[in-house]
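Below is one structure, written out as structure tokens; comments come after it.
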2 protein chains.
Amino acid sequence: MATKDRKTVMTDKVQVEKIDTSGEIDPGVLSSFIGYAMKRTYMTIHSDFVASLEHLGLRPGTFSALTIIVDNPDISQSQLARALAIERSGVVLIVDHLEDRELIGRHRVPGDRRAYALRATLAGRRLRDAAVEAIRKHEARVLGSLTGSEQATLRNLLARIM
Amino acid sequence: MATKDRKTVMTDKVQVEKIDTSGEIDPGVLSSFIGYAMKRTYMTIHSDFVASLEHLGLRPGTFSALTIIVDNPDISQSQLARALAIERSGVVLIVDHLEDRELIGRHRVPGDRRAYALRATLAGRRLRDAAVEAIRKHEARVLGSLTGSEQATLRNLLARIM
DNA sequence: TATTGTTATACTCTATAACTATA
DNA sequence: TATAGTTATAGAGTATAACAATA
């Protein structure tokens with residue numbers, strides 16, 4: 001206990017063989033949970049993902065919405081909410097943002113004057129494509145330590161959990 | 001608040017014919033990303049994880065802090081911040097909460113009057129143990145579709161990404 | 001009555017910055 | 001000067017609830 005309060009010196013990485021390894025934290029029971037490994041890995045990947053989209057002015061939510069709209073022309077906001085697994089009220093803000101940037105348009109639906117048909121603009125499709133390329137590089141970077149077949153195995157196992 | 005100009009944005013291709021009424025949403029290029037599978041799986045597991053701790057009055061952040069304190073008696077708030085990968089200011093709130101519930105105590109460090117030595121109370125250790133049991137059940141439930149060796153493979157692959 | 005989009009509001013989580021008291 | 005803890009504040013992201021227009 002009291003051996004733990006050894007003052008941590010600026011040497012951040014040097015000497016880790018002393019008795020109390022100042023700063024070393026035991027993950028304890030956490031390391032026995034697969035969910036813990038999953039969270040750590042997800043967080044690692046996610047922060048690199050966020051960084052990889054930053055230069056395009058996209059955040060995870062805006063990218064997801066944009067790419068779904070590109071791949072599902074004339075989708076409604078309610079459908080988009082379901083696809084993103086968020087509330088409709090949240091979709092309004094995202095769609096406002098994408099529309100302000102002229103990446104998508106709200107079009108009227110012939111036959112239902114309540115709903116909007118969302119459609120990407122040319123600029124929206126181009127930005128989506130640039131984002132996809134950035135994400136491919138991000139995945140190559142982040143999954144580079146796994147072979148192709150290991151990546152396939154991972155994808156398979158992940159899919160089987162859901 | 002947001003600009004609500006519903007002006008029609010120009011698109012190069014204009015064809016407002018069929019609206020997809022099937023309700024089926026094409027994940028499109030998203031399904032080609034391993035990160036997308038990872039996010040979906042993580043979200044699924046995470047929400048079951050949150051639910052599995054709710055009856056104990058624990059949230060992911062408070063559980064993580066508690067279990068790390070149990071496994072690292074006399075850890076400081078700064079060390080805890082590093083372990084949780086959040087800022088020190090955020091740790092204050094979590095530690096306040098755990099201390100208010102008398103699950104941990106802030107103890108003085110002989111030799112450094114700036115720092116606290118965090119230590120779980122008996123109630124804190126018991127609650128942690130109950131949470132661990134709840135999480136084991138949660139993992140059995142959520143990973144039940146994978147064999148033991150598949151779970152080991154998954155853990156291995158996840159660890160190799162980081 | 002139900003659904004679509006919208007607004008207002010609030011809550012959680014986290015970050016930044018400034019501060020104090022120590023070191 | 002640097003570190004530990006604290007406070008105030010702000011920004012995402014998301015949720016709930018109520019509402020108007022439309023079905």
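Not measured: the values here are computed from a predicted model. In what follows, every chain begins at residue 1, and chains take the letters A, B, ... in the order their sequences are listed.
The distance between atom CZ of B:R88 and atom C1' of D:dA8, rounded to the nearest whole Å, is 15 Å. Between the NE2 atom of A:H97 and the P atom of D:dT14 there is a distance of 14 Å, given to the nearest Å. The separation between B:I75 atom CD1 and D:dG5 atom P is 10 Å, rounded to whole Å. Protein atom CG of A:L80 is 15 Å distant from nucleotide atom C1' of D:dT14, rounded to whole Å. Taking atom OH of B:Y116 as the reference point, atom C1' of D:dT3 lies 15 Å away to the nearest angstrom. Summarising the geometry, the separation between CD1 on B:I86 and C1' on D:dG11 is reported as 17 Å, rounded to the nearest angstrom. When rounded to the nearest whole Å, the span between CG of B:L118 and C1' of D:dA4 equals 11 Å. Here C:dC19 presents its P atom at 18 Å from CD of B:E87, a figure rounded to the nearest Å.
Neither side chain, B:S145 nor A:R160, offers a donor N or O lying under 3.5 Å from an acceptor on the other.
Proximity note for B:V92 (side chain, C-beta onward) versus D:dT7, C:dG5, D:dA23: the nearest is D:dT7. The B:D112 side chain lies nearest to C:dA23 when the options are D:dT7, C:dG5, C:dA23. For A:S89, the side-chain atoms get nearest to D:dA17 when compared with the rest of D:dA17, C:dA23, C:dT4. The side chain of A:R114 lies closest to C:dA2, out of C:dA2, C:dT6, C:dT22.
Taking only side-chain nitrogens and oxygens, A:R108 never comes nearer than 4.0 Å to OP1 or OP2 of D:dT22. Considering only side-chain N and O atoms, B:Q77 lies under 4.0 angstrom from the phosphate OP1 or OP2 of D:dT6.
The number of heavy-atom neighbours closer than 6.0 Å to CZ of A:R126, taken from other residues, nucleotides and ligands shown, is 12 or below.
Residues that satisfy the salt bridge (charged side-chain N to carboxylate O under 4.0 Å, His left out) test with B:E54, not counting sequence neighbours, are absent from this structure.
Of all non-hydrogen atoms in A:I68 and A:A83, the two that sit nearest each other are CD1-CB, 3.9 Å.
Looking at which nucleotide of DNA chain D each of A:I94 and B:S78 is closest to, the 5′-most match is held by B:S78.
In this structure, CG on A:L56 lies 6.5 Å from CG on A:L53, to the nearest 0.5 angstrom.
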